Enquirer: 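One structure coming up, written as structure tokens, with questions to follow.
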Amino acid sequence: MENKNKILDLYYNQHLKQTEISKIVGITTQYVSKVVRADKRNKQEKENRKKENMKKRKVYLQEYFKTYDRPKKNDNSYEQMLAQQRQDAIELSYSCNNISDYAFAKYNPSIYHTNRKGNLIIDRKINVGSDIPKMINMNLKVPTQKYKHRCNYSY
């Protein structure tokens with residue numbers, strides 16, 4: 001009887017956890033739980049503890065997000081995108097009048113479809129100027145940088 005009163009006092013008056021009470025009294029956590037559940041104040045105490053924990057958690061999260069510093073990843077995708085934009089700007093710039101058929105198809109994939117032979121054919125519904133390649137032979141070897149300028153505007 002003395003242990004039960006001590007358990008109830010520690011739980012309801014000093015607001016200790018069941019594991020802490022079991023260490024202080026020197027009994028199992030299961031016995032502490034059994035004694036606490038048998039008490040009529042248990043339901044109200046659980047609700048009070050739940051509300052208190054919600055308040056503590058709210059304060060903790062507010063402080064946490066004020067001071068949280070997200071770790072930086074070793075991600076160079078932004079630099080890669082900038083490099084790709086620079087390359088695209090060079091290929092599409094007005095100073096460079098020679099754009100390859102492959103580059104044009106790459107920048108305008110929605111106007112081309114592939115025929116049975118694997119070549120790219122421009123969609124018939126699209127009205128384009130005479131300088132736009134109507135068909136691109138995809139069975140040719142991709143030109144090297146040295147001969148890139150030779151592979152322009154095949155209609």
Side-chain angles (χ1 to χ4, degrees), residues 10-24 28-34 36-37 39 41-155:
L10 291 171
Y11 188 76
Y12 292 112
N13 297 333
Q14 296 184 22
H15 303 288
L16 295 179
K17 296 179 182 177
Q18 292 179 4
T19 54
E20 295 169 336
I21 295 170
S22 67
K23 290 177 184 174
I24 292 170
T28 64
T29 309
Q30 291 84 359
Y31 181 71
V32 174
S33 176
K34 182 179 177 183
V36 169
R37 278 186 285 142
D39 193 70
R41 299 175 283 178
N42 185 31
K43 189 173 185 180
Q44 184 63 38
E45 181 68 19
K46 281 178 84 172
E47 288 177 15
N48 292 341
R49 287 184 182 216
K50 186 175 181 180
K51 288 177 186 176
E52 188 67 30
N53 284 335
M54 286 173 59
K55 289 177 187 175
K56 286 180 184 177
R57 177 146 177 86
K58 185 177 179 180
V59 170
Y60 168 78
L61 287 175
Q62 286 174 346
E63 286 300 315
Y64 175 77
F65 285 115
K66 282 181 190 175
T67 60
Y68 180 70
D69 186 27
R70 292 196 184 339
K72 304 287 187 251
K73 294 180 181 177
N74 291 335
D75 186 15
N76 63 349
S77 60
Y78 183 70
E79 288 80 15
Q80 289 175 345
M81 183 199 63
L82 290 176
Q84 185 65 45
Q85 283 181 334
R86 281 191 293 275
Q87 182 64 32
D88 294 348
I90 290 168
E91 289 184 14
L92 294 173
S93 69
Y94 292 113
S95 64
C96 178
N97 293 331
N98 298 334
I99 182 171
S100 70
D101 295 341
Y102 299 108
F104 184 82
K106 176 182 162 188
Y107 297 120
N108 301 289
S110 62
I111 65 171
Y112 287 99
H113 67 274
T114 309
N115 68 2
R116 284 182 283 139
K117 295 180 181 178
N119 297 325
L120 293 176
I121 306 292
I122 200 161
D123 191 356
R124 291 180 189 193
K125 299 173 190 168
I126 306 292
N127 293 328
V128 294
S130 62
D131 58 341
I132 304 298
K134 308 299 186 270
M135 183 192 86
I136 300 173
N137 187 352
M138 297 303 285
N139 297 321
L140 296 175
K141 291 182 180 178
V142 176
T144 62
Q145 284 296 109
K146 185 175 180 182
Y147 301 107
K148 181 167 97 171
H149 64 281
R150 293 185 186 175
C151 193
N152 290 329
Y153 307 120
S154 62
Y155 315 74

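These numbers were taken from a predicted model, which means no experiment stands behind them.
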Enquirer: So, Lys66 and Glu63, do they make that salt bridge, N to O below 4.0 Å?
Expert: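 Glu63 and Lys66: salt-bridged.
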Enquirer: Once rounded to the nearest 0.5 Å, what's the spacing between atom OG1 of Thr67 and atom CD of Gln62?
Expert: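 So the OG1 of Thr67 and the CD of Gln62 are separated by 12.0 Å.
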Enquirer: Return the minimal non-hydrogen interatomic distance between Tyr12 and Val36, and the atom names on each side.
Expert: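 Taking every non-hydrogen atom into account, OH-O, 3.5 Å.
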Enquirer: Any chance you could measure Thr114, atom OG1, to Ile121, atom CD1, to the nearest 0.5 Å?
Expert: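 Rounded to the nearest 0.5 Å, the OG1-CD1 separation comes out at 9.0 Å.
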Enquirer: Would you name the heavy atoms of Met138 and Asn119 that are closest together and state the gap between them?
Expert: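 Closest approach of Met138 to Asn119: N-OD1, 3.0 Å.
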Enquirer: Kindly compute the distance separating NZ (Lys134) from CG (Asp101), expressed to the nearest 0.5 Å.
Expert: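 So the NZ of Lys134 and the CG of Asp101 are separated by 11.0 Å.
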Enquirer: Decide, yes or no, whether a salt bridge links Arg41 with Asp39 under the criterion of side-chain N to carboxylate O below 4.0 Å.
Expert: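 Salt bridge between Arg41 and Asp39, a charged N being under 4.0 Å from a carboxylate O: yes.
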Enquirer: Between Leu61 and Arg57, does a side-chain contact (heavy atoms from CB on, under 4.5 Å) hold up when you go through it step by step?
Expert: CA-CA 6 Å; Leu61 287 175; Arg57 177 146 177 86; 4.0 Å; yes
Enquirer: Can you tell me if CE on Met81 sees more than 12 non-hydrogen neighbours from other groups inside 6.0 Å?
Expert: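 For Met81, atom CE is crowded (more than 12 foreign heavy atoms under 6.0 Å).
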Enquirer: Output the distance between atom CD (Gln18) and atom OG1 (Thr29), rounded to the nearest 0.5 Å.
Expert: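 If I round to the nearest 0.5 Å, the distance is 7.5 Å.
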Enquirer: I need the minimum non-hydrogen distance between Ile122 and His113, along with the two atoms involved.
Expert: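 Closest pair (atom of Ile122, atom of His113, distance): O-CE1, 4.0 Å.
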Enquirer: side-chain contact (heavy atoms from CB on, under 4.5 Å), that's the test. Do Asn137 and Lys117 meet it? Break it down for me.
Expert: CA-CA 9 Å; Asn137 187 352; Lys117 295 180 181 178; over 6 Å; no
Enquirer: For Leu16 versus Tyr11, what's the shortest heavy-atom pair and its separation?
Expert: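 Taking every non-hydrogen atom into account, O-CD1, 3.5 Å.
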Enquirer: Answer yes or no: is there an ion pair linking Glu45 with Arg49, defined by an N-O contact shorter than 4.0 Å?
Expert: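 Salt bridge: yes.
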Enquirer: Under 30°, 30 to 60°, or over 60°: which ring-plane class applies to Tyr64 and Tyr60, parallel, tilted or perpendicular?
Expert: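 The rings of Tyr64 and Tyr60 lie parallel, inter-plane angle below 30°.
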Enquirer: Between Glu47 and Lys43, is the side-chain contact (heavy atoms from CB on, under 4.5 Å) condition met? List the steps.
Expert: CA-CA 6 Å; Glu47 288 177 15; Lys43 189 173 185 180; 4.2 Å; yes
Enquirer: Quick one about Asn48 and Glu52 (side-chain donor to acceptor, distance below 3.5 Å, no hydrogens or angles considered), yes or no?
Expert: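 On atom types as modelled, these side chains do not qualify, holding no pair under 3.5 Å.
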Enquirer: Please indicate whether Tyr78 has more than 12 foreign heavy atoms, meaning atoms of other residues, nucleotides or ligands, lying under 6.0 Å from its OH.
Expert: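 No, the 6.0 Å shell around OH holds no more than 12 heavy atoms from other groups.
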Enquirer: If you compare all heavy atoms of Phe104 against all heavy atoms of Ile111, which two are closest, and at what distance to 0.1 Å?
Expert: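 Residues Phe104 and Ile111, closest heavy atoms: CE2-CD1, 4.0 Å.
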Enquirer: Working to the nearest 0.5 Å, report the span between CE of Met54 and NZ of Lys50.
Expert: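 The distance works out to 7.0 Å.
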